[in-house]
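The shown structure was predicted, so the numbers you read here are calculated from the model rather than taken from an experiment. Just so you know, ligand 1 is whichever comes first in the structure, and atom 1 is the first atom listed for that ligand. In this chain, residues are counted from 1 in sequence order.
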Amino acid sequence: MCSYCGCQAITVVGRFMAEHDEIINATGAMVRAAASGDAAEVRETAKVVARLLNPHTHAEEVGLFSVMREQEEFTEHIDVLCGEHSSLDVLLELVANGDLARAPEFEKALRTHIDKEDNGLFPAAAMSLDGPEWDRVDASTPAAEAPVTDGRGHLLRPDQGGGQAPDHGPDHHHDHGHDHEHDHGHDHGHDHGHDHGHDHGTAHTHPHP
Ligand SMILES: [Fe+2]
């Protein structure tokens with residue numbers, strides 16, 4: 001399947017959902033450490049959560065959220081989600097610094113927030129954004145900092161320098177060069193070598209988890 005027919009869109013969303021699972025798993029370790037009263041272990045596990053959470057929320061905000069925000073019907077909801085990103089950061093910092101009793105509160109807020117994205121915003125994005133908009137999402141989304149799986153053991157991003165769609169074969173030259181600090185607004189110059197003129201309308205209705 002061509003990446004412009006929707007699979008690329010789902011790759012971005014699939015990556016975010018896989019990262020959600022990783023963040024929730026890391027949070028579980030932190031909550032268990034807090035329950036046992038081990039402040040040092042909480043500090044260490046909170047660092048792991050932050051290392052996963054911070055680049056994830058940044059990637060969402062500068063990529064998908066910034067494009068969706070342009071549609072008036074989503075602007076307010078995106079603002080709420082961005083506010084939740086900030087309040088999660090604050091709460092995580094408090095827990096990391098010794099307020100162990102608030103670890104469950106962080107986990108609850110995180111799960112509620114992720115549910116809004118997985119079951120609200122992402123399906124809405126799949127339905128609402130067209131091909132060129134997904135192209136802009138892709139161009140403005142920083143690469144994941146580590147290989148991410150789709151939850152079924154398939155790598156969504158097997159290397160640091162290549163494309164995000166490993167199954168597309170040699171004809172797709174996604175020369176993203178994501179493995180460096182860069183201006184997120186630049187043009188990635190996709191050289192897909194295929195016809196972009198097909199209908200994107202049906203592609204983004206693909207079911208996804
Ligand atoms: Fe998220």
Side-chain angles (χ1 to χ4, degrees), residues 6-31 45-71 73-96 102-129 133-152 154-157 164-165 176 178 184-185 204 206-209:
C7 52
Q8 183 181 25
I10 292 171
T11 298
V12 171
V13 169
R15 166 189 153 185
F16 286 154
M17 294 175 88
E19 289 174 351
H20 287 166
D21 290 344
E22 292 178 323
I23 294 162
I24 284 175
N25 288 341
T27 297
M30 184 183 76
V31 169
T45 50
K47 273 187 209 162
V48 175
V49 175
R51 273 201 296 268
L52 294 168
L53 183 63
N54 295 338
H56 167 81
T57 54
H58 175 70
E60 286 180 334
E61 291 184 13
V62 300
L64 179 63
F65 286 15
S66 70
V67 174
M68 280 197 86
R69 189 194 291 280
E70 295 166 4
Q71 297 188 25
E73 61 180 310
F74 297 122
T75 305
E76 201 176 320
H77 187 58
I78 297 280
D79 286 345
V80 169
L81 292 174
C82 289
E84 289 175 358
H85 285 171
S86 299
S87 53
L88 283 168
D89 287 345
V90 170
L91 198 46
L92 182 59
E93 186 79 13
L94 289 173
V95 174
R102 298 188 78 172
E105 181 186 337
F106 174 82
E107 183 178 33
K108 187 163 184 274
L110 176 73
R111 286 178 178 276
T112 302
H113 172 78
I114 283 174
D115 183 61
K116 285 183 194 172
E117 291 181 345
D118 285 358
N119 299 309
L121 193 78
F122 295 165
M127 295 292 288
S128 304
L129 299 189
E133 285 170 324
W134 280 115
D135 193 18
R136 287 172 50 221
V137 170
D138 178 61
S140 57
T141 302
E145 293 191 352
V148 172
T149 68
D150 62 2
R152 295 182 293 277
H154 301 127
L155 281 174
L156 294 174
R157 194 173 167 282
Q164 298 181 6
H176 293 238
H178 278 303
H184 301 308
H204 298 292
H206 283 278
H208 51 94

Would you say the side-chain atoms of H58 and H85 include a donor-acceptor pair closer than 3.5 Å? no
Taking atom types as modelled and ignoring hydrogens, do the side chains of E22 and H56 form a donor-acceptor contact shorter than 3.5 angstrom? no
The Fe ion (ligand 1) contact by H113, N, O or S atom under 2.8 Å: no
H56 near the Fe ion (ligand 1): N/O/S under 2.8 Å: yes
Mind reading off the angle at the Fe ion (ligand 1) between the OE1 atom of E117 and the OE1 atom of E60, rounded to 10°? 90°
Positive for side-chain contact (heavy atoms from CB on, under 4.5 Å) with L64, one of T141, L129, D138: L129
Between N25 and D21, is there a donor-acceptor pair closer than 3.5 Å when you use the side chain of the first and the backbone of the second? yes
